[in-house]
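A quick write-up on the structure given underneath.
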Amino acid sequence: MPVLFRTIAIAALAAALLMPEGAALAGLGQPSPWQLGLQDSGSPVMDEVAWLHTFVLWIITIITVFVLALLIYIMIKFNANANPVPSRTTHNTLIEVLWTVIPVLILVIIALPSFRILFYQLNTPPSDLTVKVTGVTWNWKYNYPDHGDFEFDSLMLQDKERKADQPRLLSVDNEMVVPVNKVVRVLVTGFDVIHAFAVPSFGIKIDAIPGRLNETWFKAAKEGWYYGQCSELCGKDHAFMPIAVRVVSEAAFATWLEEAKKKFAANGAPNKVATANLAAE
């Protein structure tokens with residue numbers, strides 16, 4: 001037994017020493033260096049997802065501690081020195097019923113709130129804005145059908161194009177812009193292969209499938225920048241399909257809309273990326 005406790009102590013000490021000094025909780029809208037846990041919530045959906053994550057984590061922790069305590073008790077109580085004559089018990093009806101019923105009850109306790117949150121995620125409330133998102137190899141295309149029906153491509157910035165305050169592999173040339181505290185309905189599809197539109201701080205992740213229109217929604221609670229990435233393996237440049245969403249005030253959004261309509265007015269024809277892909281086929 002002293003060997004067991006020494007092993008546990010050494011493992012705990014090693015974990016503490018190996019923990020990086022910069023370890024911190026995740027930030028809002030983008031990952032943080034050496035982050036722990038989920039990104040901060042930026043929408044009501046993510047609030048619910050984070051709550052369920054913490055709820056299940058507590059259940060898992062209690063189960064893990066309980067099983068560990070049982071193992072330690074058994075090793076102390078029933079080792080060869082403390083119990084030289086082992087019991088020949090083959091079954092115990094009460095214990096067998098308990099270890100069947102209790103796990104079922106635990107699963108029911110987890111399932112009830114998870115079904116509620118799943119319904120909340122998939123049931124889109126009346127929207128204030130609709131944005132159609134199309135996954136293309138390897139970038140995103142955004143369309144605002146109820147605000148002039150303009151569209152534009154969003155491509156990742158190269159290192160030489162980024163500003164000092166723009167995150168690497170996440171910054172884009174044209175970001176998706178939405179107003180704060182407004183329900184945004186997102187229609188998601190794919191142009192060529194399957195992609196996945198995911199923004200962690202909004203608690204959304206949905207496949208972009210060619211020939212199929214999927215739907216999700218979010219309501220950004222704070223202004224700022226929110227980043228995500230394609231979350232479905234889609235080819236050689238899968239890692240270079242960032243998603244950038246800029247949340248602004250309603251007045252700033254109205255101003256951006258007028259500027260965007262003029263800026264992307266020439267994009268009424270199929271975008272250059274889609275045209276190039278069609279030509280390749």
_Checking N214 against D207 for the side-chain hydrogen bond (donor to acceptor under 3.5 Å, both in side chains) test, could you report, in this order, the C-alpha distance in whole Å, the side-chain angles of both residues, the deciding distance, and whether it holds?_
CA-CA 7 Å; N214 286 332; D207 286 344; 5.9 Å; no

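- In plain terms, the two heavy atoms of G235 and W138 that are nearest each other are CA-NE1, 3.7 Å.
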*Going through the distances and angles, do S154 and E175 end up as a side-chain hydrogen bond (donor to acceptor under 3.5 Å, both in side chains)?*
CA-CA 6 Å; S154 179; E175 70 277 4; over 6 Å; no

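- Shortest non-hydrogen contact noted between A208 and W140 is CB-CZ3, 4.4 Å.
- Under the 3.5 Å distance criterion, with hydrogens and angles disregarded, no donor-acceptor pair is assigned to the side chains of N174 and D153.
- Ring-plane geometry between Y144 and F253 is classed as tilted, the angle between the planes lying from 30 to 60 degrees on a 0 to 90 degree scale.
- Under the 4.5 Å side-chain heavy-atom criterion for grouping Ile, Leu, Val, Met, Phe, Trp and Tyr, V180 is connected to M176 within one hydrophobic cluster.
- I102 and L94 end up in the same hydrophobic cluster when Ile, Leu, Val, Met, Phe, Trp and Tyr side chains are linked at under 4.5 Å.
- The shortest distance between side-chain heavy atoms of M46 and L38 falls below 4.5 Å.
- Linking Ile, Leu, Val, Met, Phe, Trp and Tyr residues whenever their side-chain heavy atoms come within less than 4.5 Å leaves W225 and Y142 in two separate clusters.
- In this view, E48 and R116 satisfy the salt bridge (charged side-chain N to carboxylate O under 4.0 Å, His left out) rule, not counting sequence neighbours.
- There is no side-chain donor-acceptor pair under 3.5 Å between Q121 and T216.
- Using modelled atom types and a 3.5 Å distance limit, the side chains of R162 and S171 yield no donor-acceptor pair.
- Y120 pairs with exactly one of F115, F218, W217, W51 by the ring-ring contact (aromatic ring centres under 6.0 Å, His included) rule, that one being W217.
- Below 30°, between 30° and 60°, or above 60°: for F152 and F264 the angle between ring planes is below 30°, a parallel geometry.
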